[in-house]
Amino acid sequence: MKNKLLVGISGSFCNHERVLCELKKLYDEYELSFVFTKNVAMLDTRFSSAADLMKKCQALTTYPIITNIVEAEKIGPLNDFDLMAIVPCSANTLSRIVHGAYDCPVALCAKAMVRNQKNVLIGIASNDILGISGVNVMKVINMKHFYILPFYQDACELKPNSCTSDFTQLKAALDLAYKSRQIQPILMEKKQ
């Protein structure tokens, strides 16, 4: 029987395709469900339209994609998921989780998972991880039930505060997070 994985998709729109490539590899092992932030559900960007992203994610699940607070609120009482991955996790979504601001479907679902003593894997991606948002990374690393996908500076010459996760390690990190273990190392050298 497959483990049930709730996948939160937040901003960092440039990383959505990379994340989808890795999620497709999980299809045979996990029963996937999706929750989008409001921006992901509504905004068309230079990387993709909201409708196109929704179509690609819907192809990986038999469940409707959660896009609002009303549907997200049901996750806690249902207690139907074994694990959650937020990939990519923007600085805004990370800030909401760390500061207990649950006005976003993805953050509310993360709260619900912790309520049910389930683990959440965070795959950060933001131009500000080594800036003001850095404090939130350090906080979430030390929060119970939260695990971090390894990350690195992705464009240090042009954007010295920018970091992104190594989404190719998603499966290995999920396998360990399910067992309440943190994949190591968390901080990586720049990928070539």
Transitive ILVMFWY side-chain link Val114 to Leu174, under 4.5 Å | no
Is a side-chain donor-acceptor pair under 3.5 Å present for Ser12 with Asn15?
-> yes
Side-chain donor or acceptor of Asn127 paired with backbone N/O of Ser162 under 3.5 Å = no
Please say whether more than 12 non-hydrogen atoms of neighbouring residues, nucleotides or ligands are located less than 6.0 Å from NZ in Lys118.
-> yes
Do other residues, nucleotides or ligands put more than 12 heavy atoms under 6.0 Å from the NZ atom of Lys2?
-> yes
Taking only residues two or more places apart in sequence, or in another chain, which ones meet Phe151 in a ring-ring contact (aromatic ring centres under 6.0 Å, His included)?
-> none
Transitive ILVMFWY side-chain link Leu5 to Met54, under 4.5 Å | yes
Could you tell me whether the side chain of Thr61 and the main chain of Leu32 form a donor-acceptor pair under 3.5 Å?
-> yes
Should the heavy atoms of other residues, nucleotides or ligands under 6.0 Å from OH of Tyr178 be counted, would the total exceed 12?
-> no
Please report the C-alpha distance between Lys139 and Val135 in whole Å, then the side-chain angles of each, then the deciding distance to 0.1 Å, and finally whether the side-chain contact (heavy atoms from CB on, under 4.5 Å) criterion is met.
-> CA-CA 6 Å; Lys139 284 181 181 177; Val135 67; 4.0 Å; yes
So does Leu43 have more than 12 non-hydrogen atoms from other groups sitting under 6.0 Å from CG?
-> yes
Is there a side-chain hydrogen bond (donor to acceptor under 3.5 Å, both in side chains) between Asn68 and Glu71 once you walk through the steps?
-> CA-CA 6 Å; Asn68 60 65; Glu71 293 303 313; 5.3 Å; no
Cut-off 3.5 Å, side chains only: do Asp128 and Ser133 have a donor facing an acceptor?
-> yes
Do the side chains of Ile66 and Leu53 join up, straight or via other hydrophobic residues, at under 4.5 Å, putting them in one cluster?
-> no
No-hydrogen, no-angle side-chain donor-acceptor test under 3.5 Å, Asn119 and Ser180 = yes
So if you build clusters from Ile, Leu, Val, Met, Phe, Trp, Tyr with side-chain heavy-atom gaps below 4.5 Å, do Leu6 and Val106 land together?
-> yes
Salt-bridge contact Lys179-Asp175 (side-chain N to carboxylate O under 4.0 Å) | no
Donor-acceptor pair, side chain of His99 and main chain of Leu94, under 3.5 angstrom | no
Tell me whether Ile65 is reachable from Ile86 by hopping between hydrophobic residues (I, L, V, M, F, W, Y) whose side-chain heavy atoms are closer than 4.5 Å.
-> no
Provide the full list of ring-ring contact (aromatic ring centres under 6.0 Å, His included) pairs with a residue in residues 26-70, sequence neighbours left out, each pair given once.
-> none
Chi angles and distances behind the side-chain contact (heavy atoms from CB on, under 4.5 Å) call for Asn3, Glu31 = CA-CA 6 Å; Asn3 282 331; Glu31 188 175 319; over 6 Å; no
